[in-house]
Colleague: 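Let me give you the structure first, and then I'll get to my questions.
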Amino acid sequence: MSAPEEVSQVFDTVLVLDFGSQYSHLITRRLREFNVYAEMLPCTQKIKDLTWKPKGIILSGGPYSVFAEDAPHVDHDIFDLGVPILGICYGMQELAWINGKGVARGDKREYGPAVINVEDKTSPLFKDVDNSTVWMSHHDKLSSLPTGFKTIATSTNSPFAAIGHAEKPIFGLQFHPEVTHSVQGKFLLRNFAIDICKCKNDWSMENFIDTEISRIRALVGPTAEVIGAVSGGVDSTVAAKLMTEAIGDRFHAILVDNGVLRLNEAANVKKTLTEGLGIDLTVIDASEEFLGKLKGITDPEKKRKIIGHTFIHVFEREAAKIKPSHEGEEIEFLLQGTLYPDVIESISFKGPSQTIKTHHNVGGLLDDMKLKLIEPLRELFKDEVRHLGELLGISHDLVWRHPFPGPGIAIRVLGEVTKEQVEIARKADHIYIEEIKKFGLYEKISQAFACLLPVKTVGVMGDQRVYEQVIALRAIETIDFMTADWFVFEAKFLKHVSSRIVNEVDGVARVVYDITSKPPATVEWE
Ligand code: GLN
């Protein structure tokens, strides 16, 4: 069987070279939104090492100054590829630096909206773009036009807001077209990718499924088998379903019940994956083992570490017991539901002094198990994975499920984790989520959960004094989970949930709602 082709070899691809801007991944995201495939690599990428030829190259923004001694610079071979190039902010300053060194620190920093004046309306980059608001975020600016370039657009503070080479398809923008504050920014990226680079805009999830299935088959080959852990979450379920579509019963999923999953979770996952999605799944009940190790532990970091290590231990042990479905075959691969943001995180350019981070999703599993890694979602963003899940027939509810942390309810039971405490937190959480769904709020909220506080409080129930614990409810809204705001419920909802929890969950005498944003608080309490 021939070697599997990379996605970038199958689809016309724009290469985004990352100079470390906080917006770099958005460039990739925007291009994919109009069905042009794009991939991001660090700005230090050597062109000769690429296994595919980009249809165009975008140089991102970045925190450095091109004239600084330790500033990162692009491989000049990009100019020999003969493909269009677009520099954004630092990227444009880099083009100017290479073509005459006309870059200097500006008198004032320009951060926020600015209005551009399109001077050259014939520029193909500015098709359908008028004088409009764009987003600036820079301190340095071009002090003169780079050799061979012309001005396309100006703004009050930036006489070179957009420039283009007189003969070659090389362009520069001082502002950021990839952020939504640049009102017509997406047209600029579309014009660049489709009109100027001539990319076919055929990147779609339907096409991705076909190429990915062939790629998995080529990679795994005719006789190898694959195992992977599933958690009941979106990513691992989508990855497992895709594997099953590609290689059928040669893929084996394992769910480790660590005793701190949600209410009835193991049974529900078993039903959904086996009956619903036809995935070969083994459920391992290791709850006693996990809870035993957690006995007496109250430190959040220790809890996380214990659960992580125990998971690897249990998974390795149980995976070794899985027999291949077909005689003469061997389990050779480990499936991992890594997504593109994790990949970006591990390869993105962090500057000359910082080493590039190793991949955190792989954990310690591979070294010991002698398995090869297979990551079918590694090119996808979260919303793309959800779309893929829907196309693969995974239920809407599962595809849109809130994220759930690996250490599970163990970090939502503050203090010592015991079976009894987990049970209380689990029941309260179940009621809370059930009501959120009933009130039609689940998809308006990014993440919601209940946690059990290890404090006792006095209450009165049926004329009896009670002295029981507190449940704290949390619900947040966020785009990227880096910052988050707490969700504003109607009083009616909170009253209803609070009364249900106190009435139905033994051991709870009081319910509070967490009204802290992130930062300063984190999403989870531990
Ligand atoms: N550091 C450069 C400046 O201050 C580039 C900024 C950017 O790319 N956003 O102008």
Side-chain angles (χ1 to χ4, degrees), residues 14-31 38 40-45 56-75 78 85-116 125 132-146 149 151-164 170-186 188-189 192 344 347-354 480 482:
V14 173
L15 169 61
V16 178
L17 289 175
D18 172 35
F19 285 88
S21 155
Q22 52 182 327
Y23 306 130
S24 299
H25 69 283
L26 283 181
I27 306 172
T28 314
R29 196 65 211 86
R30 293 284 166 268
L31 292 168
M40 191 171 116
L41 289 172
C43 56
T44 46
Q45 175 67 40
I57 297 177
I58 297 181
L59 312 180
S60 84
Y64 305 89
S65 287
V66 282
F67 43 79
E69 213 173 297
D70 60 353
H73 293 290
V74 74
D75 178 1
I78 59 165
I85 297 171
L86 170 65
I88 296 175
C89 204
Y90 184 94
M92 154 155 118
Q93 295 163 1
E94 173 73 350
L95 292 173
W97 189 246
I98 295 167
N99 293 284
K101 299 211 165 14
V103 185
R105 181 118 290 206
D107 304 332
K108 59 175 197 231
R109 216 174 116 71
E110 193 179 18
Y111 184 79
V115 176
I116 50 157
L125 188 64
S132 56
T133 301
V134 296
W135 188 259
M136 294 279 187
S137 172
H138 66 116
H139 199 162
D140 307 337
K141 59 203 259 186
L142 302 204
S143 47
S144 58
L145 257 184
F149 282 78
T151 303
I152 304 178
T154 57
S155 76
T156 319
N157 188 51
S158 295
F160 310 112
I163 58 169
I170 304 180
F171 303 88
L173 300 171
Q174 182 57 74
F175 55 90
H176 289 270
E178 68 275 25
V179 303
T180 47
H181 308 280
S182 290
V183 185
Q184 299 185 332
K186 60 170 187 266
L188 289 162
L189 292 172
F192 177 73
I344 289 179
I347 62 168
S348 75
F349 183 71
K350 301 274 172 32
S353 59
Q354 271 160 307
D480 53 11
M482 302 298 286

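Both counts, for ligands and for their atoms, begin at 1 and track the order of listing. Quick note: numbers below take in every heavy atom, side chains included, and nothing from hydrogens, waters or symmetry partners.
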Colleague: Would you please write out the protein residues whose heavy atoms approach any atom of ligand 1 to under 4.0 angstrom, listed by chain and number?
Modeller: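 Correct list: G61, G62, P63, Y64, C89, Y90, Q93, S137, H138, H139, D140, H176.
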Colleague: Under the rule for side chain to side chain contact (heavy atoms under 4.5 Å, CB included), what residues qualify as partners of R109, not counting sequence neighbours?
Modeller: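 For R109 the side chain to side chain contact (heavy atoms under 4.5 Å, CB included) partners, ignoring immediate neighbours, are Y111, H139.
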Colleague: Find the distance between OG (S137) and CD (Q174) and round it off to the nearest 0.5 Å.
Modeller: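 Answer for the OG-CD pair, S137 versus Q174, is 9.5 Å.
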Colleague: Which residue pairs pass the side-chain hydrogen bond (donor to acceptor under 3.5 Å, both in side chains) test with at least one member in residues 85-101, sequence neighbours excluded?
Modeller: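 Qualifying pairs, neighbours excluded: H73-E94.
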Colleague: Once rounded to the nearest 0.5 Å, what's the spacing between atom OG1 of T151 and atom CG of L142?
Modeller: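 Going from OG1 on T151 over to CG on L142, the span is 9.0 Å.
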Colleague: For V179, give me all partners under side chain to side chain contact (heavy atoms under 4.5 Å, CB included), at least two apart in sequence or on another chain.
Modeller: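 For V179, the residues satisfying side chain to side chain contact (heavy atoms under 4.5 Å, CB included) (neighbours in sequence not counted) are Y23, L26, W135, H176, H181, S182.
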Colleague: Please check if the side chain of S143 supplies one atom and the backbone of G102 the other of a donor-acceptor pair under 3.5 Å.
Modeller: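 Such a contact is found between S143 side chain and G102 backbone.
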